[in-house]
Amino acid sequence: VQLQASGGGLVQAGGLLTLSCAASGLTLDYHAIAWFRQAPGKEREDVACTSSNGLSRYYRDSVKGRFTISRDSVKKQVYLQMNSLRPEDTAVYFCAARTSGFRTTHVFSSEGRYPYWGQGTQVTVSS
């Protein structure tokens, strides 16, 4: 399994970015995919997760209403659309995957439950 995150960059507060996670070696219909982030000097934290059927989503409270996780099973891509970005969203963003059964509704927010990780992509939001 390989996960490749991309799409990070520098953006002003209030701006938007869309991150992409390209997955290989797995089938999205059998895997839950999540985004995590780690700011300098802080622990890594969950951001959003989508279930293996793509219908259930989890968001941490601070990004609800601003971030949207979505996926394209054919392209094997998972996206994180980030709107109304704030300086506190500045972090390295990681995508992660875990098996979850065929098209289930289960979402997982704990990083310890994800065995597969991609490299991070830096998101910097200037004030």
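Computed from a predicted structure; not experimentally measured.
The nearest pair of heavy atoms linking H106 to A32 is O-CB, 4.3 Å. The two residues S127 and A13 have their closest heavy-atom pair at CA-CB, 4.3 Å.
Using a 4.0 Å cut-off between a side-chain N of Lys or Arg and a carboxylate O of Asp or Glu, R37 and D46 do not qualify as a salt bridge. Salt bridge D61/K64: present, at least one basic N to carboxylate O contact under 4.0 Å.
Contacts classified as side-chain hydrogen bond (donor to acceptor under 3.5 Å, both in side chains) and involving residues 25-35 (residues at least two apart or in different chains) are given here: D29-R71, D29-R103. Among residue pairs with one or both ends in residues 59-127, those qualifying as disulfide (SG to SG under 2.5 Å) are C21-C95; sequence neighbours excluded.
In this structure the side chain of Y93 reaches within 4.5 angstrom of the side chain of V47, judged on heavy atoms. Residues Q38 and E45 fail the side-chain proximity criterion, which asks for heavy atoms closer than 4.5 Å. Residues F94 and L3 form no side-chain contact, since every pair of their non-hydrogen atoms from C-beta on lies 4.5 Å or further apart. For the pair V123 and L19, the minimum side-chain heavy-atom distance is below 4.5 Å. Looking at S109 and C49, their side chains never come closer than 4.5 Å, going by heavy atoms from C-beta outward. Using a 4.5 Å heavy-atom threshold, the side chains of R44 and V92 count as separate.
In the hydrophobic cluster analysis, where Ile, Leu, Val, Met, Phe, Trp and Tyr join through side-chain heavy atoms closer than 4.5 angstrom, Y79 is grouped apart from L26. Taken together through direct or relayed side-chain contacts under 4.5 Å among Ile, Leu, Val, Met, Phe, Trp and Tyr, I33 and V107 form parts of separate hydrophobic clusters. Under the 4.5 Å side-chain heavy-atom criterion for Ile, Leu, Val, Met, Phe, Trp and Tyr, V1 and W117 are members of distinct hydrophobic clusters.
R57 places a side-chain N or O within 3.5 Å of a backbone atom of I69 that can act as its donor or acceptor partner. Checking side-chain atoms of T121 against main-chain N and O of G8 turns up a donor-acceptor pair under 3.5 Å. No donor-acceptor pair closer than 3.5 Å links the side chain of Q12 to the backbone N or O of V125.
Taking the six-membered ring for Trp and the full ring otherwise, Y114 and F36 have centroids separated by under 6.0 Å.
Atom OG of residue S20 and atom CG of residue L80 lie 9.5 Å apart, to the nearest 0.5 angstrom. The CG atom of L85 lies 10.0 Å from the OG atom of S126; values are rounded to the nearest 0.5 Å. The CG atom of N53 sits 6.0 Å away from the OG1 atom of T105 when rounded to the nearest 0.5 Å. Of the inter-residue distances, the one linking E88 atom CD with T90 atom OG1 reads 8.5 Å to the nearest 0.5 angstrom. L28 CG to S51 OG: the interatomic distance, rounded to the nearest 0.5 Å, is 11.0 Å.
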(request) Go through R98 and F108 one step at a time and tell me if the side chain to side chain contact (heavy atoms under 4.5 Å, CB included) criterion holds. (result) CA-CA 9 Å; R98 62 156 287 149; F108 309 90; 3.5 Å; yes
(request) Would you sort out whether R66 and M82 count as a side chain to side chain contact (heavy atoms under 4.5 Å, CB included), showing the intermediate values? (result) CA-CA 6 Å; R66 301 188 298 123; M82 306 184 295; over 6 Å; no
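By the 6.0 Å contact criterion, OH on Y116 is open, its count of non-hydrogen atoms from other residues, nucleotides or ligands being 12 or less.
Judged purely by distance below 3.5 Å, without hydrogens or angles, the side chains of T104 and S52 pair a donor atom with an acceptor atom. Side-chain atoms of T124 and Q122 include a donor-acceptor pair closer than 3.5 Å.
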